[in-house]
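Working notes for the structure below.
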Amino acid sequence: MVEAQGVRKSYGLVEVLKGIDLEVKKGEVFVLVGPSGSGKSTFLRCINHLEKINGGLLSVDGELVGYRMKGGRLHELRDREVAQKRRDIGMVFQHFNLFPHMTALENVIEAPVQVKGENKAEARERGMALLERVGLADKAKNYPSQLSGGQQQRVAIARALAMKPKLMLFDEPTSALDPELVGEVLDVMRGLAEEGMTMIVVTHEMGFAREVGDALVFMDGGVVVESGSPREVLTNPQHDRTRAFLSKVL
Ligand code: ADP
Ligand code: MG
């Protein structure tokens with residue numbers, strides 16, 4: 001689903017990704033961990049067309065990010081084509097980013113109706129089913145300010161799912177939550193994983209990584225330091241940097 005070969009990204013003179021190699025298979029829960037500033041968010045943003053890479057190859061579902069083949073040559077995607085690609089990728093952020101002036105249901109159906117032109121009645125029906133799936137059918141008419149952080153994040157997940165993505169990116173989805181609200185969000189993510197969604201999850205929740213993750217990569221300073229099954233890496237890290245990091249988060 002995602003393939004990175006030598007992916008590089010700089011901001012000005014500062015190189016943030018220094019040649020990332022990794023592969024995310026369809027249906028896999030791929031956990032990305034690493035200290036703050038190691039480039040995890042930047043990598044997700046590159047996958048989702050929010051940043052352009054400066055080197056290497058990055059593809060999603062067999063297509064190079066940002067380019068299309070035509071007449072045997074690569075052409076940069078136009079803005080409209082980028083927007084189209086981005087619809088296939090759901091992204092969930094640390095700070096929910098719901099539209100504050102819209103109810104939970106309105107948040108969920110906004111993109112299907114406005115971007116895809118879905119029939120409003122059908123979108124509402126599907127939106128309600130999605131809210132049900134994240135356990136919030138009874139909060140459809142609530143505004144974000146009337147919801148807890150955990151509930152807001154579950155709405156954000158439902159909103160991302162409303163576009164029927166083939167890949168979901170989670171960037172520290174529980175880092176801003178009070179500890180007692182973390183579980184309800186992880187439960188929704190676990191359910192998604194069981195249904196076969198391909199997910200890349202940046203998180204410090206090592207219990208979740210071990211239980212739900214199929215693969216884990218430890219990044220530091222813009223490089224992949226080590227990778228393997230979550231169990232392998234978490235119980236038997238091979239590198240000092242991995243050990244130092246894990247000793248802080250476990
Ligand atoms: P992580 O998500 O692992 O904490 P980030 O990908 O957010 O790391 O950031 C990696 C590095 O890139 C950091 O040093 C950060 O300051 C820098 N960085 C991120 N975004 C920008 C930007 N838009 N402009 C300049 N530097 C940035
Ligand atoms: Mg980050």
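For ligands, and for the atoms within them, numbers begin at 1 and follow the listed sequence. Residue numbers run from 1 in the order of the sequence given.
Heavy-atom neighbours of Glu125 CD from other residues, nucleotides or ligands within 6.0 Å: at or below the threshold of 12. Open room surrounds NZ on Lys120; 12 or fewer heavy atoms of other groups in view lie less than 6.0 Å from it. Environment of CG in Asp79: sparse, with no more than 12 heavy atoms of neighbouring residues, nucleotides or ligands closer than 6.0 Å.
Short contacts between ligand 1 and Ser38, defined as distances under 4.0 Å to a heavy atom of the residue, involve ligand atoms 1 (P), 3 (O), 8 (O). Less than 4.0 angstrom separates some heavy atom of Thr42 from each of these atoms of ligand 1: 5 (P), 6 (O), 9 (O). Of all the atoms in ligand 1, the ones that sit under 4.0 Å from a non-hydrogen atom of Pro35 are 3 (O).
Checking Ser41 against the Mg ion (ligand 2), an N/O/S atom falls under the 2.8 Å cut-off.
When distances from atom 15 (C) of ligand 1 to the protein are checked, no heavy atom turns up under 4.0 Å.
Checking only distances, Ser41 does come within under 3.5 Å of ligand 1, N or O to N or O.
Note that CE of Met206 is 13.5 Å distant from CD of Glu211, once rounded to the nearest 0.5 Å. In this structure, NZ on Lys40 lies 9.0 Å from CG on Asp220, to the nearest 0.5 angstrom.
When hydrogens are left out, the protein atom nearest atom 19 (C) of ligand 1 is Tyr11 CE1, 3.5 Å; that is the closest non-hydrogen contact. Nearest protein neighbour of atom 8 (O) of ligand 1, counting heavy atoms only, is Gly39 N, 3.2 Å. Taking atom 11 (C) of ligand 1 as the reference point, the nearest protein heavy-atom neighbour is Val16 CG1, 3.5 Å. Summary of contacts: the protein heavy atom closest to atom 3 (O) of ligand 1 is Lys40 NZ, 2.7 Å. The protein atom (non-hydrogen) at minimum distance from atom 4 (O) of ligand 1 is Gly37 N, 2.7 Å.
When each of Met189, Glu205, His95 is tested with Pro173 by the rule side chain to side chain contact (heavy atoms under 4.5 Å, CB included), just one qualifies, namely Met189.
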Trace of the salt bridge (Lys or Arg N to Asp or Glu O under 4.0 Å) decision for Arg154 with Glu184: CA-CA 8 Å; Arg154 287 187 280 148; Glu184 65 193 54; 3.0 Å; yes
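Judged as a salt bridge (Lys or Arg N to Asp or Glu O under 4.0 Å), the pairs with a partner in residues 51-62 (not counting sequence neighbours) are, in order, Lys9-Glu51, Lys26-Asp61, Arg45-Glu51, Lys52-Glu76, Asp61-Lys166.
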